[in-house]
There are 2 protein chains.
Amino acid sequence: MSAIVNSDVIERKMGQNSIIQPLLTDLYQITMAYAYWKSGKIECQAVFDLFFRKSPFCGEFTIFAGLEECLKFIEKFSYSESDIEYIRQILPKTIEDEFFQYLGTLTAKDISVYAINEGTVVFPRVPLLRIEGPLIVAQLLETTLLTLVNYASLMATNAARYRMAAGNLKLFEFGLRRAQGPDGGLSASKYAYIGGFDGTSNVLAGKLFNIPVKGTHAHAYITSFNSIGELNHHFISAKGGGEPQNFLKMSLTWREKIYDIFNVVLSEVNDGELAAFISFAVAFPDGFMALIDTYDVKKSGLVNFCAVALALNDLGYRALGVRLDSGDLAYLSLVARDYFKKIAVKYDVPHFAELMVMASNDINEETILSLNDQGHSIDSFGIGTHLVTCQKQPALGCVYKMVEINQHPRIKLSHDVEKVTIPGKKNAYRLYSETGFALIDLLQRSVEEPPKINEKVLCRHPFQESKRAFVIPSRVESLLNLYWHNGVITQPLPNLQQIRENVMNCLKILRPDIKRTLNPTPYKVSVSDTLYQFLHRLWLENAPIGELS
Amino acid sequence: MSAIVNSDVIERKMGQNSIIQPLLTDLYQITMAYAYWKSGKIECQAVFDLFFRKSPFCGEFTIFAGLEECLKFIEKFSYSESDIEYIRQILPKTIEDEFFQYLGTLTAKDISVYAINEGTVVFPRVPLLRIEGPLIVAQLLETTLLTLVNYASLMATNAARYRMAAGNLKLFEFGLRRAQGPDGGLSASKYAYIGGFDGTSNVLAGKLFNIPVKGTHAHAYITSFNSIGELNHHFISAKGGGEPQNFLKMSLTWREKIYDIFNVVLSEVNDGELAAFISFAVAFPDGFMALIDTYDVKKSGLVNFCAVALALNDLGYRALGVRLDSGDLAYLSLVARDYFKKIAVKYDVPHFAELMVMASNDINEETILSLNDQGHSIDSFGIGTHLVTCQKQPALGCVYKMVEINQHPRIKLSHDVEKVTIPGKKNAYRLYSETGFALIDLLQRSVEEPPKINEKVLCRHPFQESKRAFVIPSRVESLLNLYWHNGVITQPLPNLQQIRENVMNCLKILRPDIKRTLNPTPYKVSVSDTLYQFLHRLWLENAPIGELS
C-alpha cells in the first residue's frame, strides 16, 4: 500500500489541518499580547519550556509526539484579516489601532525551536520544546502547542503500553466511533500507530497517513440474513479458475460432516449466520474473516465458520480466522483453537491450526495482562474506547513556562515544590551505561559544557539537597535539537514509520523495572551542580521573608 | 457580539468540517457494502436505531447533541474519485469494478432521518436517530454518525451537570490545551456552551460559533515583570478624558494606605506583580481582572490588586475582579470578599463589595458541590481538563442497530438482557403529568396510534413482565421528528442559543430526584403492550432451543 499524493488528498489534508491556526488559542494570550505591546515589550526576548510534571497512567515514562504538527503550525503562524477583524470585535473599544496592524505583521520567523525528536521516550521536567524569541510571539504560541503535544503524547504513550502488554500479538485501533470528536478519532489512529499499533479501522486515517487499514463485518451484517433462502449469489470458482461451484451446497455438506466434532444438533446452528458467512466468503474468498458471536460461539458461530472455511479450502482458498466480540475471550479463544486443531488433523488441513483469533470487546491494558495470566489463544486485538479516550487518564498535563526574559532567568514559585519551575535556558542530556540502558537525564544551564563520555559528572536531584550521584556515562545523547530557525524547519522530518521505529528503539533502552505496569521504578531526572546552585539562589531571592507575630 | 459571516469564515468552517466525510469510517462498513452489493442486496430497505444503553457519569439523564453535524454530513455524503481510488487500493484485487462505479453514484437522498430535537434530555434505549432507507447506504453512515453524536452528547451532558451544580454562578470553559486534539477542543467549547456554560477561552470557537470569549492573563504575564522599574508606560487618562495621570504613583500611594488593612509589610508584597497589574490596567482600564496567586494571595496578590483597583476607581474606572488558580479556593474567596467589603466601607467604594472572584484550578463537578457545602464567595468558575475530557467517563456508548430489513423486524439477542435490541420501526413519546414533569417515555411500534391526552395507556418494562403501569398523560410529546427526506433537510435548524435554551427548558421538566448527583432515581423508559408482545415473540422465535445431555 503506497501513499497516494494527489491534489485531492493534499487539499483534504490541509482541510484537516485548517483548524490548527493562530485563533485556536485562549483569549488571554491575545489580551496579554496587547498588554505587553502597550507596555513597550515588543523587543523583549523570552525563553519558554514546554514540559510535563508526571507521566500518565501511573507509569514512569511518556512518549513525546506531536512535533511535526507543532512545526507545521509555527511555519504558517499568522493572523488573517478576518482573524484580526474578529479580535477587534471581542476586545474593548479602547484598544489602539496600531496593535491590530502589529498583529497583522506577526510571524514566527524570529522564533527558534529546540525539540526532542518525535517518538522519543521522555520524563518529567525535561523540556520537550524550548521556544526562544520575541516574548509576544512565544507567548501567543502557548495554547496551540500544548493542544498539539498533550493528546498526541498521551495517545502514543497509551499505545506503547498496550504494545508492551501484547508482546508480539497484532494490535488494531478500532476507536473512531467513541473518540472525542472526528479529529480526536483521526489523531488516535495516527498516534496509536506511532506508539506501536499495527493498523486501524479508520479509513480516512489510512488514506491521510498511510497506515494499514483493517476490517471485516459487524453483527448487523450477520443479522441482515435470516435464512439460507436469502442467498442470491452462492457460486464461486476455484482459486485457479474454472467453472463456478455451488458454494452453498459445499458449505452445507461440510456442516453436516462436522456436527459431530462440535457435538451440536441442527436446531442449534443458525442458518441466517451461515448465509451471512457464505455471502461474505463469496465476496472475499481470499480474505474470509468471520464475526462468530452473534448467536452462540460454540454451537453456531464456530460450526458455520468451519463449514465455510473448509469449503473455501476445497476451492484452494484459505480463510483468515474469526473475531470474538463478547463473552469470556480467553476461554472462547482456547475453545476455537482446540476445534481448529482437531479439524486440522482430522481433515488434513494444517493451516486450520494457525487460523487467526481476534478479540475486540472492551479491551484495555489490564484485560490484556489478565488474559496473558489466564492463558489464551488470541492472535490479535481490536481496541477502541479505552485506547482512544485514554480512559485511565484522559489528559496529559503539559505546561508551558517562561524560564528567561531578556537573558534574566525567571522562576515560578509554588507552595507545592513539585510545581517550582527550573529557571533559565537549559540543555538536556541522556546518559547511558555500558550495557546500553539509559541511566539518567541531566539538565544543565545552556552555558555549561556538555557532559563527556567516560568522565565523572555530578547529577543532583533538583529539590532534595542530599540526593546526588556521580555518573560516568558510556554514551551521552543531547536531547534538544534545533528544529526551527530563521523561518525554516531545519531538520528533515521523519515519516510515521520512522517515528514508530524510534518509539520501539527508545523503549529498548529503558530498564524493564521502569516500564513495568505495577509499581514501576521512577527514572531519574537530575540537574547539574551549577544548575542546582542557580535554581536555589534564585528561589531564595524571589521567596518573600515572612514575619511571625 | 454578532456573527461574522464572510467568505474567509465560511471557508474555515468548511475546513473545520472537511474531515467529516464518508471515509471517516471503519473499513468494515465498506467491506460489508461490497458483500451486500455482491449478494444482490442493493434494493434492500433497512431501519437502524441510534441509541445508548446507559446515561454517563453515574447519572440518569443525557443531553442529545450533534444532530446538526449529522445532517450536514448526510447532506454532502458522497465518495470523491480519490476516495474510490484509495478504497480500490486497500481492498482485495478480486473486487469487481462495477462496485466502485456503484460507490461513486451513492448519496443519501433515499435515506430518511427521524431525530429527537438537538438539546433534548434523553434516556437509555430511546432512538435518538432512526435511519430508514437503502441498507447499504444506511450501513455506510454508521460510524460517522456515532462519532458525531457520542462526544457531542457526552460533552453537553457533562456541561449540563456542571451547570446544575453551579446554580446561577458563571461558568467558562478553559479546556483547549488539555482537549483530545484541536477539534476535540473546538467541539468541547461548542457543546459546553449548549450544555449551559456562559462562554469559552477558545477564540476560534468564539469566531466559528459566536460564543462569548473570556480571558485575562497567565502567571507568565506576572512573572515577566520583575520590578517597578520595568514599567515603560504608566500614565492613563481618567474615564471622562483629560490629561494622562501618573498611574504608578497613584497605585503606590493606595498601596501604602492599605498595608494596615492587610496587615503586611513592604518586603512581603511583590513589586513585579504590582508592575504587571499596573501595565494590565493601563491596557484594559475598563476590564481589569487580575490573577492574584502567583506569589501569595493574602500578602501580595490581593494587596496589589486592591491598590490598582482603587487607583482605577479614582479615575472613574471599575475593576472587574480577581482570579484564583491555586490553594484553598473556598477559604481564599472568603478572604478576598472580606477585604473587598472592608475596603468598600472604609473608602466608600460600594462596588468593591461586589468584585468578581473567579476560581480556575482543576475544578470538577464534585469540587463545585464540595465548595457549595463549605461555603465560598466565588462568582464564576473557569473549567478545563475535567470538563473537556469528561474525565469521569470519557466516552458515551451510543450504538447503531438494525431493527428492520425489508419490513421484517430484526432483533439482536445477547446473554446480557440489557443488550437485547428492541426490534422493528418504532416511535417514541414522552408523557407528561399535570404538574408539567415528564412521567415516562413510551416506545411503540410505528403502526400504533399515538397515546392520547387524558386517556389511559399501559406502559410496560421492556424485559420484566410484571413491571407495568397505567399512565394518563396530561401532555404527549412525539419525540422523533422527520429531519431529512428526499435529499433535503426538512426542518429549520435551531442556532446554538436556541439549542442551549432547549437544554435549560428540558432540565426543568425533569423531577429533581432524577437530576441529583447522588443516587438519582432512574427515569422510566417503557414499551407499549403491543411492542412488548412483538419483542418477546421475536425473541422466542430467534433463540435456539438447547438440548441438555
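The chains referred to below are lettered A, B, ... by the order of the sequence lines, with proteins before strands, and numbering in each begins at 1. No experiment lies behind these values; they were computed from the predicted model shown.
Annotation: maximal heavy-atom pairing with chain A below 4.5 Å, among Lys419(B), Glu142(B), Gln393(B), occurs at Glu142(B). Ranked by heavy-atom pairs shorter than 4.5 Å toward chain A, the options Pro285(B), Pro92(B), Ala281(B), Ser224(B) are led by Ser224(B). Contact tally against chain B (heavy-atom pairs below 4.5 Å) for Phe284(A), Phe280(A), Phe48(A): the top residue is Phe284(A). Contact count against chain A (heavy-atom pairs under 4.5 Å) is highest for Ser39(B) among Gly181(B), Gly184(B), Ala395(B), Ser39(B). The most heavy-atom pairs under 4.5 Å with chain A, out of Met402(B), Arg178(B), Gln29(B), come from Arg178(B). Comparing Asn226(B), Ile222(B), Ile30(B), Val149(B) by heavy-atom pairs within less than 4.5 Å of chain A, the highest count is held by Asn226(B). Among Met155(B), Lys401(B), Lys214(B), the residue making the largest number of heavy-atom pairs under 4.5 Å with chain A is Lys214(B). Ranked by non-hydrogen atom pairs under 4.5 Å with chain B, the options Gly175(A), Ala152(A), Gly215(A), Gly40(A) are led by Gly215(A).
At a 4.5 Å heavy-atom cutoff, the contact between Arg410(A) and chain B is made by side-chain atoms alone. With a 4.5 angstrom heavy-atom cutoff, Leu231(A) does not touch chain B via any of its atoms. Residue contact with chain A, scored on non-hydrogen atoms closer than 4.5 Å, is absent for Val269(B). Residue contact with chain A, scored on non-hydrogen atoms closer than 4.5 Å, involves the side chain of Leu148(B) exclusively. Using a 4.5 Å cut-off between heavy atoms, Ala218(A) touches chain B through backbone and side chain atoms alike. Contact of Gln139(B) with chain A is made through the side chain alone, with heavy-atom distances under 4.5 Å. For a residue to count as touching a neighbouring chain, one of its non-hydrogen atoms must lie under 4.5 Å from one of that chain's; by this rule Tyr400(A) does not touch chain B. In this structure, chain B has a heavy atom under 4.5 Å from the backbone of Val388(A), while its side chain stays farther away. When heavy atoms are compared at a cutoff of 4.5 Å, Tyr191(B) does not approach chain A at all. The contact between Asp26(A) and chain B is made by backbone and side chain atoms together, counting heavy-atom distances below 4.5 Å. Of the two parts of Cys44(B), neither the backbone nor the side chain holds a non-hydrogen atom closer than 4.5 Å to a non-hydrogen atom of chain A. If you measure heavy-atom distances from Leu176(A) to chain B, the contacts under 4.5 Å come from both the backbone and the side chain. Val399(B) touches chain A through its side chain: at least one heavy atom from C-beta onward sits under 4.5 Å away, while N, CA, C and O do not. Both the backbone and the side chain of Asn202(A) come within less than 4.5 Å of a heavy atom of chain B. For a residue to count as touching a neighbouring chain, one of its non-hydrogen atoms must lie under 4.5 Å from one of that chain's; by this rule His217(A) touches chain B with backbone and side chain alike. Residue Glu96(A) does not touch chain B at all, counting heavy-atom pairs closer than 4.5 Å.
The closest donor-acceptor contact from the side chain of Thr144(B) to the backbone of Thr25(B) lies at 3.5 Å or more, if one exists at all. In this structure, the side chain of Ser300(A) does not engage the main chain of Asp296(A) through any donor-acceptor pair within 3.5 Å.
Between Arg323(A) and Thr216(A), the closest side-chain pair of non-hydrogen atoms falls below 4.5 Å. Between Leu27(B) and Thr200(A), the closest side-chain pair of non-hydrogen atoms is not below 4.5 Å. Residues Asn406(A) and Leu135(A) form no side-chain contact, since every pair of their non-hydrogen atoms from C-beta on lies 4.5 Å or further apart. Residues Tyr295(B) and Thr223(B) form a side-chain contact, since some pair of their non-hydrogen atoms from C-beta on lies under 4.5 Å apart. Side chains of Leu154(A) and Asn150(A) form no contact here, defined as non-hydrogen atoms less than 4.5 Å apart. Here the side chains of Asp286(A) and Thr94(B) are not in contact, with every heavy-atom distance at 4.5 Å or above. Contact of the Ser187(B) side chain with the Gln180(A) side chain is not registered, since no non-hydrogen atoms from C-beta on lie closer than 4.5 Å.
Figure legend: Lys41(A) and Phe225(B) shown as a cation-pi pair, the cationic atom lying under 6.0 angstrom from the six-membered ring centre and within 45 degrees of its axis.
Checked for salt-bridge contact, Lys207(B) and Asp83(A) meet the test: a charged N lies under 4.0 Å from a carboxylate O.
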- Task: With side chain to side chain donor-acceptor pair (under 3.5 Å) as the test, would you mind laying out the steps for Ser326(A) and Asp293(A) before giving the verdict?
- Result: CA-CA 7 Å; Ser326(A) 59; Asp293(A) 67 336; 2.6 Å; yes
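Aromatic ring orientation, Tyr34(B) versus Trp37(B): parallel (interplanar angle below 30°, classes split at 30° and 60°).
In this model, a donor atom of one side chain and an acceptor atom of the other lie less than 3.5 Å apart for Tyr221(B) and Ser279(B).
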